[in-house]
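No hydrogens, no waters, no symmetry mates; every other heavy atom, side chains included, goes into these values.
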Amino acid sequence: MITKGQRINDRYEIIKSIGEGGMANVYLAQDTILNRKVAIKVLRGDLATDEKFIRRFQREALAASSLSHPNIVEMYDVGEDNGNYYIVMEYVEGRTLKQLLKKRGTLTLPEVIDIMLQLTDGIAHAHDSYIIHRDLKPQNIMIADDGAIKITDFGIAMALNSTQLTQTNSVMGSVHYLPPEQASGKGSTTKSDIYSMGILFFELLTGKLPFKGENAVEIALKHMKDPIPSVRKINPNIPQSIENIVLKSTAKNPKNRYNDVKEMYNDLKTALNEERKNEPKYIYKYPEHDMDEKEPVLQEVKEEQVAKQITEEKESKSNIVIWILSIVFLLGVIALGVVLYPTFKGSDNIKIPDVTNLSVEQAEKALTNIGFNVANETIKEYSETIPEGKVIGTDPAIGRSRPKGTTITICESLGKNDTYIIENYVGKNYIEVQTTLEKLYKMDVEIEKRSIEITEDMDLQLIIDQSLEVGTEITISEENPTKIILYIPDAYDQYPDFVAEGWTVDEVEEFAKKYSLKFYIDYVESTEYPDGTIIKQSRTGKIVNGASLTITVTRVPDEISTEDPSVDDTDKTEDTSGNQ
């Protein structure tokens, strides 16, 4: 357990905890060498012996380390100290975009455009570095005190040229920002990040999410099937040029989206120009539900293409064998010269071909025939998409250029992993976790509420407990799904209907105390209802801590006439509430 004052790697002195997650905890620390505050993410102790979690944690470090941009949280250091795997990052003074939205509801249009320009600029840099974020949402975007945004948490980011992604690595991001292609299991591309940014753009403009549902699966289906609601119907003051950006970025069919993030960035820059505000509404060129075409991540070399390449090279070798024999002596002299004068030695780099889905033997032939060496042992990984015994990828990665003679290690598929290790879900959004467990791991997920003390900034969708312990190994099975119960706070985020549900005055008063509401009672004479009946309430909709709540309560005239007429009802109300 990491405690205040503890030093990591004899350098980073822990100041306090600033966040907890299912995989890692985040601490504010002091870099005692460079004398600056840093954020240090430490893999949870109960996961530090699990190779899968360690690889995932290290992959986040690798993904972030290749990125240097003013709108991406900078990574300073990564390592391991006494069993503690850690990542040291830039510490951002500010709040998350989620916290800002929760406080303000909606932002002004210039503010939204400024945030989106910074966001698209940062993600464009990530894409230029061959990194897809895959989990863009307000919780992963920090806003510094000076207004600068910082993109965080590349924990499930994917390298465009990496094929060594395990089942654990393939966990989806938030279901509220989930691209249709990810929801349907077709994988992520750079256009997937564009979709997530479009949904976030919608939320910034309207203060609400476009798709809601009773469970995560229902929301995911809406991302796949339902058209995006019109932001102009919600707020007619939004120009058509802005709605067009929402429409284009959130298209179901990736072919209807922006070609890349830079194109979206350029569109945002000019969207508020007078000549663009009333431009025609964006019309999709391709059918919205034509989802068959896969976006290219890297140029694929199919099995038959590799076989053809091998055949052509063999034929070429046969045609020049006589020529080779005739000048064998000259070649020997050249070879001797290379040995004697290594400074003159040079070798052309060649690209590692895509041997995905080939057998190990076929991949070995494809690689050796173009000049690579192949390691005797393969790396073995589970894969949801690559059959057992077939090739997942290579190390170095497919598409990289390396000199002839480089030793390539093949990554071999073990097939689908039929087991899953239960993680710590406490503190995570229950909708996201439910979607992941049901869709990826075929689990039977139940949501139950527990009564706990409610604080002003509490997120009522966060998990507070779970029925299965962290580290429990389960079998993935659609026929016999493993059951898990996720517990969330037993609390309202909307005002109940006190009148229709027959609440008593004491019950409403207790409700007001629980949510820190200023509570008032208006009494009215009535013979239509029993004495003390609630017939009206002043508020409905979302609960905001500290707001005023007034209920109208009936009094039978005979009872009122027996009371001292000098007593003022308002004074009684104040005495009852104690909150004025």
Side-chain angles (χ1 to χ4, degrees), residues 1-49 53-100 103 114-115 117-119 121-126 128-129 131 133 135-157 159 424 427 457:
M1 180 177 179
I2 307 297
T3 58
K4 181 180 178 181
Q6 181 175 342
R7 285 199 178 190
I8 302 292
N9 199 26
D10 200 30
R11 174 176 178 175
Y12 306 106
E13 185 172 332
I14 301 299
I15 298 173
K16 64 178 181 179
S17 172
I18 55 177
E20 295 185 359
M23 187 170 122
N25 297 327
V26 184
Y27 301 89
L28 173 62
Q30 180 73 17
D31 184 338
T32 58
I33 295 179
L34 296 179
N35 193 27
R36 64 182 177 185
K37 286 184 171 62
V38 295
I40 183 164
K41 180 180 284 190
V42 182
L43 184 65
R44 294 177 65 97
D46 52 336
L47 304 177
T49 58
F53 286 104
I54 293 171
R55 285 198 302 271
R56 179 179 174 188
F57 190 71
Q58 291 171 334
R59 187 166 44 109
E60 174 180 358
L62 290 171
S65 65
S66 63
L67 304 177
S68 179
H69 190 276
N71 296 123
I72 296 176
V73 168
E74 187 174 357
M75 194 196 73
Y76 298 139
D77 191 13
V78 59
E80 182 265 337
D81 181 40
N82 292 325
N84 291 316
Y85 292 86
Y86 65 87
I87 301 172
V88 182
M89 300 170 291
E90 171 187 8
Y91 174 63
V92 182
E93 294 273 5
R95 66 183 75 182
T96 67
L97 187 54
K98 184 70 173 181
Q99 291 169 327
L100 181 65
K103 182 177 180 180
D114 179 55
I115 290 171
L117 283 171
Q118 294 185 69
L119 177 60
D121 196 28
I123 293 299
H125 174 76
D128 287 344
S129 301
I131 299 293
H133 190 285
D135 195 20
L136 289 169
K137 56 187 178 183
Q139 294 93 322
N140 287 341
I141 298 169
M142 295 291 299
I143 300 184
D145 294 337
D146 62 359
I149 78 153
K150 297 280 187 176
I151 306 163
T152 70
D153 202 348
F154 282 78
I156 63 171
N424 186 350
D457 59 349

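- Counting non-hydrogen atoms of neighbouring residues, nucleotides and ligands closer than 6.0 angstrom, the CG atom of Asp146 exceeds 12 such neighbours.
- Here Ile40 contributes atom CD1 and Ile2 contributes atom CD1; the two are 7.5 Å apart, rounded to the nearest 0.5 Å.
- For Asn35, the side chain to side chain donor-acceptor pair (under 3.5 Å) test picks out Gln30, with sequence neighbours left out.
- A distance-only check finds no donor-acceptor pair linking the side chain of His125 to the backbone of Leu67 [under 3.5 Å].
- Contact of the Thr3 side chain with the Ile14 side chain is not registered, since no non-hydrogen atoms from C-beta on lie closer than 4.5 Å.
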Exercise for review: Start with the C-alpha distance between Leu136 and Ile123, add both sets of side-chain angles, then the distance that settles side-chain contact (heavy atoms from CB on, under 4.5 Å), and finish with yes or no.
Suggested key: CA-CA 10 Å; Leu136 289 169; Ile123 293 299; 3.8 Å; yes
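- Gly122 and Ile72 make their closest contact through O-CD1, 3.4 Å (heavy atoms, listed as atom of the first residue, atom of the second, distance).
- Contact detail for Asp10 and Thr32: the closest heavy-atom pair is O-OG1, 4.4 Å.
- Listed here is the closest heavy atom pair of Ala29 and Ile15: C-CD1, 3.9 Å.
- The backbone N or O of Gln99 lies less than 3.5 Å from a partner atom in the side chain of Thr96, making a donor-acceptor pair.
- With sequence neighbours left out, the side chain to side chain donor-acceptor pair (under 3.5 Å) criterion links Glu90 to Lys150.
- Every residue two or more places apart in sequence or in another chain that forms a side chain to side chain donor-acceptor pair (under 3.5 Å) with Asn9 is listed here: Tyr86.
- Sorted by first and then second residue, the salt bridge (Lys or Arg N to Asp or Glu O under 4.0 Å) pairs involving residues 76-88 (not counting sequence neighbours) form an empty list.
- Contacts of Arg95 classified as salt bridge (charged side-chain N to carboxylate O under 4.0 Å, His left out), with partners at least two apart in sequence or in another chain: none.
- Once rounded to the nearest 0.5 Å, the distance linking CG of Asn424 with CG of Asn25 reads 8.5 Å.
- Side-chain contact check for Tyr76 versus Leu34: every heavy-atom pair is 4.5 Å or farther apart.
- Residue His133 holds its NE2 atom at 6.0 Å from OG1 of Thr152, rounded to the nearest 0.5 Å.
- Between Asp135 and Asn140, the closest heavy-atom pair is O-ND2, 2.8 Å.
- Side chains of Leu119 and Ile149 form a contact here, defined as non-hydrogen atoms less than 4.5 Å apart.
- For the pair Tyr27/Gln6, no side-chain contact is recorded, criterion being any heavy-atom separation below 4.5 Å from C-beta on.
- When side chains are defined from C-beta on, Arg11 does not count as touching Val88, because their heavy atoms never get closer than 4.5 Å.
- Partners of Asp121 under the side chain to side chain contact (heavy atoms under 4.5 Å, CB included) rule, at least two apart in sequence or in another chain, are His69, Asn71, Tyr265.
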